[in-house]
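Small disclaimer: the values here were computed from a predicted structure and weren't measured.
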Amino acid sequence: MKKVLLSAACLGTATVFAQVKDSLQTKNVDEVVMTASRKKENIKEVPSSITIVGEKQIQSQLTVNSDITSILQYTVPSLGTNSGQTSNTGQTLRGRQVLVLIDGVPQSTPLRNGARDLRVIDPSAIERVEVIKGASSIYGNGADGGIINYITKRNKTDKKISGISQIGFTGQNSGGTLGARASQLLTGKMNRFDYAISLAYERTGYMKDANKVYLSPTYSTAKMDNYNGMLKLGYDIDDNQRVEASYIGYSSKSNLDLGLKTGKYGITPTIGEGEGKSLETTPQGTPRNHNIRVSYDNKNLFTGTSLNVNLYYQDFKTVYGYSDTFFNGGQSNVLSKKAGARFNLDTQLWNSQNSQGEIIYGADILNDETVQKLEDGRFWTPNMSMTNIAPFLLAKIDLFKKLTIKGGLRYENIKVNVDDFNTLSVIKNDGTFTQSIPVAGGKLSYNALVGNIGLRYNIEPYINLFGSFSQAYSINELGRILRTSTSETIKNLETKPIIVNNYELGATGQISNWLNYELTSYVSTSKLGATFVQSADRALTIKRAPEIIYGVEGFLHFTPVKWLQFGGSYSWMEGITSPDDNDNYSAKINNSRISAPKVLAYLQVKPVPELFIGIDMLHSFKQDRFTPNAKTGQYTYGEGFVPDYTVFNVKVSCEVYKNWKVSLGIENFFNRLYQPSIAWWSARDSEFINSLGKRGTLIVEYKF
């Protein structure tokens, strides 16, 4: 029986089943592997819901679109649909912000969420993606809706050298859209030493809609150079001890010089037309994302106790396009540096025939320094430095190989230092500019004891029940609050944290040898949530109010014969809030967080061993939850009506000779003209854009 590595830190108890479609054979839950920094255990012992996107599934989706936000929207049921741009605004998980990691190293910037944290790595370097759904404090600040952890590739053979070489081309049936990508993976092992090296480069062409019209240049992925490099070195000191060090770097820079023609919301899309004004001083994109990690494992530190230590550092910068919303214009960026350490001990208390008991304990230390500035040096937010020291304890008991009980506690001890600064003068709705205000900084302290408890009962293979309660503790997006300050001191601002309580109940199982299923229901509450709303003076402000989000999701996976599999998933959620904090929850959380119901369906056929054919479908239902203003007939931000749309993708791959494979993917196969959900719910002329039209990708691969 294979084991599962999971992030079962005290608060997360996060994993139970995975939607994995990596090969044309039935997937038993015992075969699913999940990796993070906390604990190795069988997946049948975990009392919550997860989604795992496996390596072959990532490669299959990469054949259609190499943008990781697109790959995730087709593989994670409760994740919002993507915008088709460099920003992942609106791509929430279960209606709340998600914490993104690479091998456990945080990528998100919760102090000032720039919505560029999903697109920070090339898919060719990813072995699998682990999505822990629901509030979690496994990795600290920012995981109100869950965690997306990119697990990078590693050596898996005893060969001195092996690898995968890929070269590919993308394009549409229109001039200027040709793009190219190449990637190289090398892995190997020599005695106790092993390594993995990955390099990738992609240059995209112009992006056009189904009518061959240039898509909007704002946040565009067109004419962009993307670079990714990874070096991972490991050494087995002995049978019990291992050290590993890795570096992962990513960069994306736009070379697009395309003019903007603003459309009319709901009528005419905003498009690219003519030449740009060349006002940008820096190419938009993410010019750097450096990640360094060193880990040490000892399986037998002393009798019955193992140790895991992780040290990491991240240096991140992302740059946005030129905007005249600033006084005298400018480009904004988000800069973030993180340094941290995780210490994890696992002690076996007892191990008898019918029961086992263990405790997992340790501490996480994190320093996060984040600031948002303009490229000319003006501060939009002050420098913010957050330090969190969080000890934790988790207990686990297994009874009769059927019943698992977990419970844990984590103490969040957060200190934030904020520099003095002057607010930036930005444009108001009436065309005038706000007054710059000097704001005195200071120190903020946050402390909380959060916990979790979960239970799983494996009755029979066809019915396993699980239920859990878990909490997340996050500092609300402090940078956005500070940059729109109307007070001269941070002490007068609403900076209280967000504490989310997540309740989950579900069932999963395998019926015969050809059907897997899962059905999950959840409710998450917070006494002081946070939602972007539109105000009279400023484009966006944060509304703090009690809120409740609830929903259901589930999937079915069929393998009637070994050469055929098909299935699908469905997700639905609703969010309500009490704006006046009077227990009246008649108001709804807007569509910027509450995604429309989504159906994902797939068909995979392998008529002969060398040939694979796949079809993916995404259907986003309409979302009509708000009414427009009675006088103007216009929707406010986040409340726009969202029509439904359906998109089909087709993938074909053929193995040529022994080590060669040729793959062809076609995105938006029927060349559907539609707009992404964000174009509708944002209810803004400038953001009413079309989605990408039909586009093909050809990839040639060689394995050795």
Side-chain angles (χ1 to χ4, degrees), residues 69-70 72-85 88-96 145 209-211 215-216 263-270 521-522 531-534 548-555 568-577 586-602 616-630 632-649 667-693:
T69 64
S70 175
L72 293 174
Q73 77 166 341
Y74 280 97
T75 52
V76 182
S78 52
L79 186 71
T81 54
N82 78 335
S83 64
Q85 301 175 312
N88 47 266
T89 297
Q91 206 164 7
T92 58
L93 184 62
R94 288 187 174 179
R96 299 187 184 275
D209 65 19
N211 290 335
L215 297 181
S216 168
K264 183 65 176 175
Y265 172 73
I267 301 173
T268 306
T270 293
S521 61
Y522 60 88
T531 301
F532 292 131
V533 296
Q534 190 169 330
I548 301 172
I549 297 177
Y550 51 95
V552 295
E553 59 187 70
F555 72 84
S569 66
Y570 174 77
S571 58
W572 172 90
M573 72 181 74
E574 182 57 276
I576 54 178
T577 181
S586 58
K588 295 181 179 180
I589 301 173
N590 70 36
N591 299 335
S592 68
R593 290 175 52 195
I594 305 302
S595 303
K598 183 175 74 170
V599 166
L600 301 173
Y602 60 91
D616 288 332
M617 183 208 77
L618 184 156
H619 177 77
S620 178
F621 289 84
K622 74 175 182 179
Q623 196 171 30
D624 188 9
R625 303 170 64 238
F626 300 94
T627 57
N629 184 282
T632 64
Q634 297 178 343
Y635 288 101
T636 190
Y637 176 85
E639 297 185 359
F641 166 79
V642 181
D644 66 330
Y645 65 86
T646 306
V647 183
F648 287 88
N649 299 334
E667 184 177 9
N668 193 1
F669 184 81
F670 295 107
N671 201 34
R672 170 80 181 270
L673 183 67
Y674 70 102
Q675 297 79 34
S677 295
I678 190 174
W680 289 97
W681 60 249
S682 63
R684 292 174 166 179
D685 293 342
S686 61
E687 295 181 23
F688 188 70
I689 59 173
N690 284 341
S691 290
L692 187 68

Can you say whether the rings of Tyr674 and Tyr645 are parallel (under 30°), tilted (30 to 60°) or perpendicular (over 60°)?
-> parallel
From Phe688 atom CZ to Lys264 atom NZ, the distance as rounded to the nearest 0.5 Å | 11.5 Å
Full working for side-chain contact (heavy atoms from CB on, under 4.5 Å) between Phe669 and Val647 | CA-CA 8 Å; Phe669 184 81; Val647 183; over 6 Å; no
Applying salt bridge (charged side-chain N to carboxylate O under 4.0 Å, His left out), which residue pairs with at least one partner in residues 72-82 are found, sequence neighbours left out?
-> none
Would you check if the side chain of Thr69 reaches a backbone N or O of Asn88 as a donor-acceptor pair within less than 3.5 Å?
-> no
Could you tell me which non-hydrogen atom of Ser569 sits nearest to which non-hydrogen atom of Phe555, and how far apart they are?
-> CB-CB, 3.7 Å
Student check: side-chain heavy atoms of Thr89 and Ile678 closer than 4.5 Å = yes
Supply the atom-to-atom distance Asn649 CG to Leu618 CG, rounded to the nearest 0.5 angstrom.
-> 8.5 Å
Residue pair Ser571 / Glu553, side-chain donor-acceptor N/O under 3.5 Å | no
Which atom pair, heavy atoms only, marks the closest approach of Ser686 to Ile689?
-> O-CG2, 4.1 Å
Compare all side-chain heavy atoms of Glu574 with those of Lys588 and state whether any distance is below 4.5 angstrom.
-> yes
When rounded to the nearest 0.5 angstrom, what is the spacing between CH2 in Trp572 and OG in Ser521?
-> 11.0 Å
Under 3.5 Å: donor-acceptor pair, side chain of Arg625, backbone of Ile589 = yes
How many angstroms lie between OG in Ser592 and CD in Gln91, if you round to the nearest 0.5 Å?
-> 13.5 Å
Would you find a donor on one side and an acceptor on the other, under 3.5 Å apart, between the side chain of Asn668 and the backbone of Arg672?
-> yes
Worked verdict on Phe641 versus Lys622 for side-chain contact (heavy atoms from CB on, under 4.5 Å) | CA-CA 8 Å; Phe641 166 79; Lys622 74 175 182 179; 4.3 Å; yes
Indicate yes or no: at least one non-hydrogen side-chain atom of Ser620 is less than 4.5 angstrom from one of Asp644.
-> no
Show the numbers, then the answer: is there a side-chain contact (heavy atoms from CB on, under 4.5 Å) between Arg94 and Tyr522?
-> CA-CA 9 Å; Arg94 288 187 174 179; Tyr522 60 88; 3.6 Å; yes
Identify the two heavy atoms, one from Tyr570 and one from Pro597, that lie closest to each other, and give their separation to 0.1 Å.
-> OH-CB, 3.9 Å
Pair Phe648 and Phe670, ring centroids less than 6.0 Å apart | yes
Shortest non-hydrogen separation from Asn211 to Leu673 and the atoms involved = ND2-CD2, 3.4 Å
Could you tell me which non-hydrogen atom of Ser595 sits nearest to which non-hydrogen atom of Gly80, and how far apart they are?
-> OG-CA, 3.4 Å
Sub-3.5 Å donor-acceptor pair from the side chain of Lys598 to the main-chain atoms of Leu79, do we have one?
-> yes
Aromatic ring proximity Tyr635/Trp681, centre distance under 6.0 Å = no
Output the distance between atom CG (Asn590) and atom OG1 (Thr636), rounded to the nearest 0.5 Å.
-> 8.5 Å
Does a donor on one side chain and an acceptor on the other come within less than 3.5 Å for Gln675 and Trp680?
-> yes
Any side-chain heavy atom of Leu215 within less than 4.5 Å of one from Leu692?
-> yes
Can you check whether Gly263's main-chain N or O pairs, donor with acceptor, with Thr270's side chain at less than 3.5 Å?
-> yes
Partners of Gln73 by side-chain hydrogen bond (donor to acceptor under 3.5 Å, both in side chains), sequence neighbours excluded?
-> Asn82
Spacing of CZ belonging to Arg593 relative to CG belonging to Leu93, to within rounding of 0.5 Å | 12.0 Å
